[in-house]
Amino acid sequence: MILTAKVNWKSLSAVLSLAAAFVLCFVGGQMETRAVSASVPDDVMQAHRNYLASLGWETDGLASTDQVILPEEFTPEYEDYLSIQADGGFDLLPYAGRTVTRYTYAVANYPSGEEGVLADLLVLDGTVVGGELRSAALDGFMIGLVPREQVSS
């Protein structure tokens with residue numbers, strides 16, 4: 001018996017690019033993460049929800065919080081990730097080497113109805129300096145933290 005499989009190269013390429021960006025940024029690269037054990041004050045979470053709401057995103061609440069140490073130098077491997085940040089209007093270059101807090105919120109109203117979509121806010125001294133929307137699915141996506149109206153369903 002011979003088994004064959006049809007491969008959608010565009011989808012496979014997108015999945016591999018997303019996986020590579022994740023590995024480079026948060027696992028194998030210079031970005032380090034560590035969990036934050038302290039609880040997040042209600043006013044901080046409300047400010048984040050208001051910020052996300054201003055972009056049209058509704059949240060199901062805070063999913064996680066951790067510290068991320070940005071690389072001292074953004075090497076060419078970070079080009080895709082920096083491009084995603086730029087799509088959302090952010091420039092991480094001035095924050096090279098800094099430690100930011102990543103607040104991850106579950107998104108309740110992604111246009112396609114997809115579940116498991118997360119919004120990451122990268123915060124330094126109370127200011128959002130970066131962020132992205134991403135899918136928790138194996139074949140997921142990562143896009144800039146853009147207004148909901150700019151995302152197709």
Side-chain angles (χ1 to χ4, degrees), residues 10-71 74 77-153:
K10 185 176 179 182
S11 294
L12 181 60
S13 175
V15 169
L16 292 176
S17 293
L18 177 63
F22 180 79
V23 168
L24 284 172
C25 292
F26 300 111
V27 180
Q30 297 173 9
M31 284 189 188
E32 297 177 30
T33 63
R34 58 182 175 263
V36 175
S37 59
S39 63
V40 178
D42 289 338
D43 61 330
V44 171
M45 285 196 303
Q46 186 60 49
H48 294 166
R49 284 193 297 269
N50 291 344
Y51 177 77
L52 291 168
S54 75
L55 296 171
W57 301 109
E58 297 172 10
T59 68
D60 282 336
L62 185 64
S64 67
T65 305
D66 53 1
Q67 299 285 305
V68 177
I69 302 171
L70 299 175
F74 287 97
E77 292 85 14
Y78 290 100
E79 187 174 308
D80 287 342
Y81 186 68
L82 292 174
S83 177
I84 288 169
Q85 295 300 313
D87 290 345
F90 299 110
D91 179 8
L92 290 180
L93 294 178
Y95 307 104
R98 303 288 300 270
T99 299
V100 299
T101 303
R102 179 176 52 199
Y103 297 90
T104 301
Y105 291 87
V107 173
N109 65 333
Y110 197 75
S112 68
E114 180 175 343
E115 294 183 15
V117 176
L118 303 170
D120 292 325
L121 299 179
L122 303 178
V123 178
L124 180 64
D125 298 328
T127 301
V128 177
V129 298
E132 64 267 346
L133 294 165
R134 61 184 168 91
S135 170
L138 181 60
D139 62 344
F141 62 87
M142 181 183 288
I143 62 172
L145 188 57
V146 296
R148 185 176 186 270
E149 63 196 27
Q150 291 181 13
V151 178
S152 60
S153 51

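Sequential numbering from 1 along the given sequence is applied to the chain's residues.
With sequence neighbours excluded, the residues satisfying side chain to side chain contact (heavy atoms under 4.5 Å, CB included) with E58 are A108, N109. Remark: E149 pairs with no residue by the side chain to side chain donor-acceptor pair (under 3.5 Å) rule, at least two apart or across chains.
Atom CG of L70 sits about 10.0 Å away from atom CG of L93, to the nearest 0.5 Å. Here the OG1-CG distance, from T101 to D125, works out to 9.0 Å after rounding to the nearest 0.5 Å. Between atom CZ of residue F90 and atom CG of residue L82 there is a gap of 13.0 Å, rounded to the nearest 0.5 Å. If you take CG on D120 and CD on E132, they are separated by 4.0 Å, rounding to the nearest 0.5 Å.
Annotation for V151 and P111: closest pair O-CG, 3.7 Å, computed over non-hydrogen atoms. Nearest heavy atoms, E114 versus A137: OE2-CB, 4.4 Å. In terms of heavy-atom proximity, A106 sits nearest to A63 at N-CB, 4.5 Å. In plain terms, the two heavy atoms of T104 and L62 that are nearest each other are O-CD1, 3.4 Å. Counting all heavy atoms, side chain and backbone alike, V146 lies closest to G88 at CG1-CA, 4.2 Å. For the pair L118 and A136, the tightest heavy-atom approach, listed with the atom from each and the gap, is CD1-CB, 4.4 Å.
Aromatic ring pairs are classed by plane angle as parallel below 30°, tilted from 30° to 60° and perpendicular above 60°; the pair Y105 and H48 is perpendicular.
For the pair E115 and D60, the minimum side-chain heavy-atom distance is 4.5 Å or more. In this structure, the side chains of L92 and Y81 come closer than 4.5 Å at one or more pairs of heavy atoms.
At most 12 non-hydrogen atoms from other residues, nucleotides or ligands lie less than 6.0 angstrom from CG of D42. By the neighbour-count criterion of 12 heavy atoms within 6.0 Å, atom CZ of R98 is sparsely surrounded, having that number or fewer from other residues, nucleotides or ligands.
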Would you check, one step at a time, whether the test side-chain contact (heavy atoms from CB on, under 4.5 Å) holds for L145 with Y51? CA-CA 11 Å; L145 188 57; Y51 177 77; 3.9 Å; yes

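Sorted by first and then second residue, the side-chain hydrogen bond (donor to acceptor under 3.5 Å, both in side chains) pairs involving residues 87-96 (not counting sequence neighbours) form an empty list.
The only member of V68, V128, V129 that meets side chain to side chain contact (heavy atoms under 4.5 Å, CB included) when paired with V123 is V128.
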